[in-house]
Chemist: 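Please find one structure pasted underneath; my questions will follow.
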There are 2 protein chains.
Amino acid sequence: MALKTLKDALVEELEDILSAEQQITAALPLMMAKATHPELKAGFQLHLDQTKTQISRLGQALSALGHPPETSTTCEAMKGIIKEGQHIMSTQADPDVMDAMLIAAAQKVEHYEIASYGTVCTWAALLGQNEVKELLGQTLQEEKMTDEKLSTLAESVINADAVA
Amino acid sequence: MALKTLKDALVEELEDILSAEQQITAALPLMMAKATHPELKAGFQLHLDQTKTQISRLGQALSALGHPPETSTTCEAMKGIIKEGQHIMSTQADPDVMDAMLIAAAQKVEHYEIASYGTVCTWAALLGQNEVKELLGQTLQEEKMTDEKLSTLAESVINADAVA
């Protein structure tokens, strides 16, 4: 059996992230519908728009590596993160508390993506795959900015009533 | 049915992280055994030691909130992240490539924890639970440092042979 190379690992990781992004695309509209704070709703919509671009970049990266721009993998980690999000959305909570919990769930999604895109950028650089690194570096920056915005929102959406 | 308060959400999130840490405690020795690079092996051992302290802090935080220092929850997200890690460990790869993949898996663990501890620190601060914020803020800093060390290792463990 041939030993896995770093390039094989890179392709496998890209397919894993593509599956994660596809799952996020399905989950975000539900989170948007459940959110109350207008800034949070708008943030989820923006993230949904960005995710479509990010999926397109993953396809370009796979093509640049000589692979079809698709995935046959299911990202088990994202499946678990989204399962937790579904549990949260099924609970009865004050609207501010629900928003706080939705932000927490979204930050888990973001951090999974920050770790994954960080990995593929490092590996692409080591392999001299500069186009791939450049493309996915843009996504990595977007994910970090989304996470920071969510951190700021977390401190502003909760009013004194929810803390009672 | 009573609406969930932010304090209820905080307790639920602490129980989720406690389950995650327990799962990590079981997974780290396997990752350590599979790693080749001495610095990576040592890093996993250090993280295992830190995780025991972090579990103890979670127990203290739950006690401070009037709850038993235990969890009946299974963190589904960590279950998925570890399932991906098990898949990685079952593949045949060049030792440098295996180390790179183990680092990637460990960074997904770290980022899940960074998101979770970030959330509970924010919520504890909003609730005026300063002891809880202080305790878990220490863990948050440790997780961020571990992630940074792993990023540095990712660039140094892979030699030219693995990139071929």
Side-chain angles (χ1 to χ4, degrees), chain A residues 1-10 12-13 16 75-88 91-98 100-101 103-116 118-120 122-123 125-128 147 150-151 154-155 158 160 162-164, chain B residues 1-10 12-13 16 75-88 91-98 100-101 103-116 118-120 122-123 125-128 147 150-151 154-155 158 160 162-164:
Chain A
M1 189 194 292
L3 290 183
K4 190 175 280 187
T5 66
L6 190 62
K7 190 179 168 193
D8 299 333
L10 175 58
E12 194 170 284
E13 188 67 25
D16 178 88
C75 174
E76 293 292 338
M78 191 54 66
K79 199 170 151 186
I81 292 170
I82 287 175
K83 192 170 173 185
E84 288 192 359
Q86 287 166 336
H87 168 72
I88 284 168
T91 61
Q92 296 291 318
D94 173 281
D96 280 358
V97 175
M98 178 56 73
M101 294 192 296
I103 291 171
Q107 288 195 288
K108 289 176 182 179
V109 168
E110 286 315 308
H111 273 280
Y112 183 82
E113 296 194 288
I114 290 168
S116 298
T119 290
V120 291
T122 300
W123 291 356
L126 286 164
L127 288 162
D147 179 59
L150 287 166
S151 286
E155 291 176 9
I158 301 173
V163 173
Chain B
M1 188 194 292
L3 291 183
K4 190 175 278 187
T5 64
L6 191 63
K7 190 180 168 192
D8 298 333
L10 175 59
E12 195 170 282
E13 188 67 25
D16 178 88
C75 175
E76 292 292 337
M78 192 52 67
K79 198 171 154 186
I81 293 170
I82 287 174
K83 192 171 174 183
E84 288 192 359
Q86 287 166 336
H87 168 72
I88 284 168
T91 61
Q92 296 292 317
D94 174 281
D96 280 359
V97 175
M98 179 56 74
M101 294 192 296
I103 290 171
Q107 287 195 289
K108 289 176 182 180
V109 168
E110 286 314 309
H111 273 280
Y112 184 82
E113 296 193 288
I114 290 168
S116 298
T119 290
V120 292
T122 300
W123 292 355
L126 285 165
L127 288 163
D147 179 59
L150 287 166
S151 287
E155 292 176 10
I158 302 173
V163 174

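A, B, ... follow the sequence lines: proteins, then strands. Residue 1 opens every chain.
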Chemist: So which heavy atom on B:A100 is nearest to which on A:W123, and how close?
Modeler: O-CZ2, 3.4 Å
Chemist: Which atoms of A:K108 come close to chain B, meaning under 4.5 Å heavy atom to heavy atom: side chain ones, backbone ones, both, or neither?
Modeler: both
Chemist: If you count heavy-atom pairs under 4.5 Å between each of B:A9, B:A115, B:C75 and chain A, which one has the most?
Modeler: B:A115
Chemist: Is it the side chain or the backbone of A:E13 that comes within 4.5 Å of chain B heavy atoms, both, or neither?
Modeler: side chain
Chemist: Roughly how far, to the nearest 0.5 Å, is CE of B:M78 from CD1 of A:I81?
Modeler: 8.5 Å
Chemist: Considering all heavy atoms of both residues, which atom of B:V97 and which atom of A:L6 are nearest to each other, and what is their separation?
Modeler: CG2-N, 3.6 Å
Chemist: Report which part of A:D16 has an atom under 4.5 Å of a heavy atom belonging to chain B: side chain, backbone, both, or neither.
Modeler: side chain
Chemist: Can you tell me how far apart CD (B:E113) and NE2 (A:H111) are? Round to the nearest 0.5 Å.
Modeler: 12.0 Å
Chemist: Distance check, rounded to the nearest 0.5 Å: A:D8 atom CG versus B:D94 atom CG?
Modeler: 11.0 Å
Chemist: Can you name the salt bridge (charged side-chain N to carboxylate O under 4.0 Å, His left out) partners of A:E12, sequence neighbours left out?
Modeler: A:K4
Chemist: Where do B:L126 and A:A154 come nearest, in terms of heavy atoms and distance?
Modeler: CD1-O, 4.0 Å
Chemist: Using atom types as modelled and distance alone, determine if a side-chain donor or acceptor of A:E84 lies under 3.5 Å from a backbone N or O of B:A77.
Modeler: yes
